[in-house]
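Letters A, B, ... are given to chains in the order of the sequence lines, protein chains preceding strands, and every chain is numbered from 1.
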2 protein chains.
Amino acid sequence: MAFYSSGVEYGIHSLMNMVDAKGNEREMNVREMAELQNVPYDYLAKIFTRLSRAGLVVSSEGKGGGFRLARASELITVLDVVHAIDGQKSMFECKEIRQRLALFEEAPPAWVCDGPCGVRSVMDSAQQRMEEELARHTILDLARKMHRKAPDTFAIEVKEWISNRRTQQTKSV
Amino acid sequence: MAFYSSGVEYGIHSLMNMVDAKGNEREMNVREMAELQNVPYDYLAKIFTRLSRAGLVVSSEGKGGGFRLARASELITVLDVVHAIDGQKSMFECKEIRQRLALFEEAPPAWVCDGPCGVRSVMDSAQQRMEEELARHTILDLARKMHRKAPDTFAIEVKEWISNRRTQQTKSV
DNA sequence: GCGATGTTACTCGGATACTAACTGTCCGAGTAAGCCAGG
DNA sequence: CCTGGCTTACTCGGACAGTTAGTATCCGAGTAACATCGC
């Protein structure tokens, strides 16, 4: 199984969609984002409550409410999002095999437990490298990279899709 | 859940036990290793067949058989072991959300699929950093680090435990 | 007009299936070493 | 002797159950904007 859940993927893409081609942010609600990206609504809603609890987005309740970024998109790193959604989970869960050696018979000597397990140290430093890399990229970076690939009309189309959806909704009432 | 299975942990520790304080290798069978480390035997057996298939260890079948390292312990990296046991799994499984944008209506334009997804790129480079770190540490490194912490008697005790176990086994027959 | 009331569209949070992967166990097959009996 | 069969202790591989985490869905509660209705 993948280490990072697909919830992370949904979350990052959603946050990217909250930034336009110029780096300006826009407030959106979960249903819009779910429909725009063809992603399960209920699931995405839960993801956004996590993003909210982590302080990456700010919610406004009630009709017409939604989410907006809590701070500038260049200050939200991929690592922030990952931590917000999946929590600070560890790539490797040390089971302290070193203490189980049959030699010791239920009483491992002190030197065994002195300092972290060697295997664990390696894994931890590897995870640290990984997270450093994730911290180097921000939501703005990703949004910019996407818009650079897209034609100029794209940003407009997205904006129109959103506004169309909103007017249609009020019309249908 | 952790990204790397506990099988990886069992595998690494087992390989470490196949190297003594001086860096010399010793052949061992699965039952010995399982008992020495208090780890489930059947499970560990499966792990060693994977290590064998990956060419990290060489098996000798039949009575008195067992496993020995296929190459010097300083040439076996933690990354090798991880790949052998867990396979080349990906930290992040891109679901190509970018193609699902409602704008496109079942036909994403060419520019969308051009090159890898931005999110995926970040994740892939992060994983690469992680694996680079894992590749920097070898079984010998780990074994040395452990023996450096342990008193000199430790290596002898391990060796005695193994030989005692072997003689007891032949006696009990 | 204007305030009270109701409706709508949101954010929250809990409860609950479904699925996939990991972990661990069981068992049978194949293989080689050593023992042992029969020639 | 020594040769063939038997036992033993291994490696292999498949099958399977239990547990856990991720994914997804459903529903009720709270909240705020807005419309509507009665005064």
Side-chain angles (χ1 to χ4, degrees), chain A residues 1-11 14 27-35 38-54 57-68 82 85-87 89-93 95 97 165-173, chain B residues 1-11 14 27-35 38-54 57-68 82 85-87 89-93 95 97 165-173:
Chain A
M1 209 192 300
F3 182 50
Y4 289 134
S5 68
S6 53
V8 167
E9 187 170 8
Y10 297 161
S14 297
E27 177 158 342
M28 292 182 74
N29 65 52
V30 174
R31 201 168 293 274
E32 279 171 351
M33 290 187 277
E35 285 182 17
N38 270 305
V39 145
Y41 163 73
D42 285 297
Y43 191 45
L44 191 60
K46 293 215 172 305
I47 290 164
F48 265 84
T49 65
R50 293 193 186 185
L51 291 173
S52 174
R53 265 200 288 268
V57 297
V58 175
S59 68
S60 52
E61 288 195 356
K63 182 172 179 176
F67 292 91
R68 66 174 200 278
V82 161
I85 296 174
D86 274 10
K89 64 179 177 180
S90 192
M91 205 183 71
F92 177 79
E93 282 158 14
K95 294 213 173 58
I97 306 281
R165 192 186 167 285
R166 287 182 183 167
T167 55
Q168 277 180 15
Q169 197 141 56
T170 54
K171 239 184 283 182
S172 70
V173 172
Chain B
M1 210 192 297
F3 183 49
Y4 289 134
S5 67
S6 52
V8 166
E9 187 170 9
Y10 296 161
S14 297
E27 178 159 340
M28 291 181 74
N29 66 52
V30 174
R31 200 169 294 275
E32 279 171 353
M33 289 188 278
E35 286 182 17
N38 270 304
V39 144
Y41 164 73
D42 285 297
Y43 192 45
L44 190 59
K46 294 211 171 303
I47 289 164
F48 265 85
T49 65
R50 293 193 186 185
L51 291 173
S52 175
R53 266 201 288 267
V57 298
V58 175
S59 67
S60 50
E61 288 197 356
K63 181 170 179 177
F67 291 91
R68 66 173 199 279
V82 161
I85 296 173
D86 274 9
K89 65 179 175 179
S90 191
M91 205 183 72
F92 177 77
E93 282 158 14
K95 293 213 173 60
I97 304 282
R165 195 187 165 285
R166 287 181 184 166
T167 54
Q168 278 180 15
Q169 196 141 56
T170 53
K171 239 185 286 182
S172 71
V173 170

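- Terminal axes of the helix from dG1(C)-dC39(D) to dG39(C)-dC1(D) (five pairs each, C1' rotation axis) are separated by 10°, to the nearest 10°.
- Within the 4.0 angstrom heavy-atom criterion, no nucleotide atom of any strand lies near R50(B).
- Look at S52(B) and you won't find any side-chain N or O under 4.0 angstrom from OP1 or OP2 of dT11(D).
- Residues forming a side-chain contact (heavy atoms from CB on, under 4.5 Å) with E93(B) (at least two apart in sequence, or on another chain): A2(A).
- Residues M91(B) and M91(A) have side chains not in contact (no heavy-atom distance under 4.5 Å, counting atoms from C-beta outward).
- One finds no side-chain N or O of R166(A) lying less than 4.0 angstrom from the OP1 or OP2 phosphate oxygen of dA9(C).
- The distance between atom NZ of K63(B) and atom P of dC6(D), rounded to the nearest whole Å, is 17 Å.
- Note: CE (M28(A)) to P (dT11(C)) measures 11 Å, nearest angstrom.
- Place Y41(A) and G62(A) on DNA chain D by their nearest nucleotides, and Y41(A) ends up nearer the 5' end.
- Rounded to whole angstrom, the span from the CZ atom of R53(A) across to the P atom of dT11(C) amounts to 15 Å.
- Side-chain proximity of V30(A) to the nucleotides dT11(C), dC12(D), dA9(C) is greatest for dT11(C).
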Given the rule in the side chain to side chain contact (heavy atoms under 4.5 Å, CB included) test, do L51(A) and F48(A) qualify, once you have shown the distances and angles that lead to the verdict?
CA-CA 5 Å; L51(A) 291 173; F48(A) 265 84; 4.0 Å; yes
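- The closest donor-acceptor contact from the side chain of R50(B) to the backbone of I85(B) lies under 3.5 Å.
- Atom CD in E27(B) sits about 14 Å away from atom P in dA32(C), given to the nearest Å.
- Nearest heavy atom pair, residue V57(A) against residue F67(A), reads CG2-CD2, 3.7 Å.
- Side-chain N or O atoms of K89(A) include one that pairs as donor or acceptor with a backbone N or O of F3(A) at under 3.5 Å.
- Separating the CD1 atom of I85(B) from the P atom of dC22(C) is a distance of 13 Å, rounded to the nearest angstrom.
- Under the side-chain hydrogen bond (donor to acceptor under 3.5 Å, both in side chains) criterion, S59(B) pairs with no residue at all, not counting sequence neighbours.
- For dA32(C), the OP1/OP2 oxygens have no side-chain nitrogen or oxygen of S60(B) closer than 4.0 Å.
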Reading nucleotides 14-24 of chain D from 5' to 3' and marking B where a protein heavy atom lies under 4.0 Å of the base, S where only the sugar-phosphate is that close, and - otherwise, the string is BB-----SSSB
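- Rounded to a whole Å, the CD atom of E9(B) is 14 Å from the C1' atom of dC22(C).
- Whole-Å rounding puts the L51(B) CG to dT11(D) C1' distance at 14 Å.
- As a whole-Å value, the separation of L44(A) CG from dC10(C) C1' is 14 Å.
- With sequence neighbours left out, S5(A) forms a side-chain hydrogen bond (donor to acceptor under 3.5 Å, both in side chains) with D86(A).
- D42(B) is linked by a salt bridge (charged side-chain N to carboxylate O under 4.0 Å, His left out) to nothing, counting only residues two or more places apart in sequence or in another chain.
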